[in-house]
Protein chains: 2
Amino acid sequence: MEKKSATLSEVMAARGELLNPDCPSREVLKRMTSRWTMLVMLALQDKTLRFSEIRRAVGGISERMLAQTLRYMEEDGLLARKAWDVVPPHVEYNLTPLGQQASIYVLALADWLESHFPLIEQRRREHNAPSRP
Amino acid sequence: MEKKSATLSEVMAARGELLNPDCPSREVLKRMTSRWTMLVMLALQDKTLRFSEIRRAVGGISERMLAQTLRYMEEDGLLARKAWDVVPPHVEYNLTPLGQQASIYVLALADWLESHFPLIEQRRREHNAPSRP
DNA sequence: CAGGATCCGCTAGGATACTG
DNA sequence: CAGTATCCTAGCGGATCCTG
């Protein structure tokens, strides 16, 4: 499993990997780009937050989904969880270096989307109402 | 609700826009990062393909999902569809400039994911088998 | 060939209640 | 506070058949 500098063809091959239906990274893609994961990344960008703080930050997420999302992210090494053994419980979350790297791309996409959303909406209107006489 | 030139704080607010549960761009995010949309973008990167070619390129996608994905992408202005009125039908798809812009971010994310997938998998194994004696 | 129409299983995800 | 457990529903998505 040594990692040498990738040749161009290797890079190109790797790039198409996801198009393979059996590609195991598809599930990771699915998780990472899932509705809530991206928003949690957005909320945790260079911050450390507690469970309920994230819940408040990410509008509309349910406890169940937040818990599950956090578990997945931790499992994938994107999220660090620190729990103090006190009562009432105190747990803090923040992105790991790996998670922060990933968040760069997620945030870039989110930013692009937000800034181009008006254009997309306009295209959609044009599309759905094409020159009605 | 009037829109003047954005101040820095407004820009920062815009970045958090997606965290608002009522934010309309959430649905676009959902569509754009949906399972198949990203893979179709991957397949169409600087290419023009026909329906069945895309279907073959994106392993595992069903006709129904491909058709729906293409419709959404066209609706959002990410995809251009050209149909010749011949029999048998001939239809070609390629990304619009807007779609190509978007694909940059999607592909960047996909690339990062593919190259870091081994690491993520390793983290997951470590996580699921923590120092068993 | 490029899809639309239908049927249907599965699961993502919400609401609520409960616990350490 | 930080979750887990349970129940339940909408809609994602697959399989299949059909048509211009």
>> Once you measure the plane-to-plane angle for His90(A) and Trp84(A), does it fall in the parallel (<30°), tilted (30-60°) or perpendicular (>60°) bin?
In response: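 If you compare the ring of His90(A) with that of Trp84(A), the planes turn out perpendicular.
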> Should Glu27(B) and Arg31(B) count as an ion pair when the cut-off is N to O under 4.0 Å?
Replying inline: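 Answer for the salt bridge query: yes.
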> Quick one: CH2 on Trp36(B) to CG on Leu66(B), what's the gap to the nearest 0.5 Å?
Replying inline: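 It is 9.5 Å, given to the nearest 0.5 Å.
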Using OP1 and OP2 only, check whether a side-chain N or O of [X] sits under 4.0 Å from [N].
X        : N       : result
Ser52(B) : dA2(C)  : yes
Arg35(B) : dC12(D) : no
Tyr93(A) : dG3(D)  : yes

Starting at [atom1] of [X] and ending at [atom2] of [N], how long is that distance when rounded to a whole Å?
X        : N       : atom1 : atom2 : value
His90(B) : dG20(D) : NE2   : C1'   : 17 Å
Leu66(B) : dC1(C)  : CG    : C1'   : 13 Å
Ile61(B) : dC12(D) : CD1   : P     : 14 Å
Glu63(A) : dT16(C) : CD    : C1'   : 10 Å
Lys30(B) : dG11(D) : NZ    : C1'   : 8 Å
Arg56(A) : dG3(D)  : CZ    : P     : 14 Å
Phe51(B) : dG20(D) : CZ    : P     : 18 Å
Asp85(B) : dA2(C)  : CG    : P     : 14 Å

> Within the structure shown, what part of the strands sits under 4.0 Å from Arg55(A) by heavy-atom distance: base, sugar-phosphate, or nothing?
Replying inline: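 No contact at all - Arg55(A) keeps every heavy atom at 4.0 Å or more from the nucleic acid.
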> With a 4.0 Å cut-off on heavy atoms, is Arg71(B) in touch with a base, just the backbone sugar-phosphate, or nothing at all?
Replying inline: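 The residue Arg71(B) makes sugar-phosphate contact but no base contact.
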> Between Asp76(B) and Leu78(B), is there a donor-acceptor pair closer than 3.5 Å when you use the side chain of the first and the backbone of the second?
Replying inline: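 Not a single qualifying donor-acceptor pair exists.
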>> Can you work out whether Trp36(A) or Pro89(A) has the more 5'-proximal nearest nucleotide on DNA chain C?
In response: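 Result of the comparison: Trp36(A).
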> Ser103(A) and Gln45(A): side-chain donor and acceptor closer than 3.5 Å?
Replying inline: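 Judged by distance alone, the side chains do pair up.
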> Considering heavy-atom distances to DNA chain D, does Met65(B) or Val91(A) have its closest nucleotide positioned more toward the 5' end?
Replying inline: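 Mapping each residue to its closest nucleotide by heavy atoms, the 5'-most match is Val91(A).
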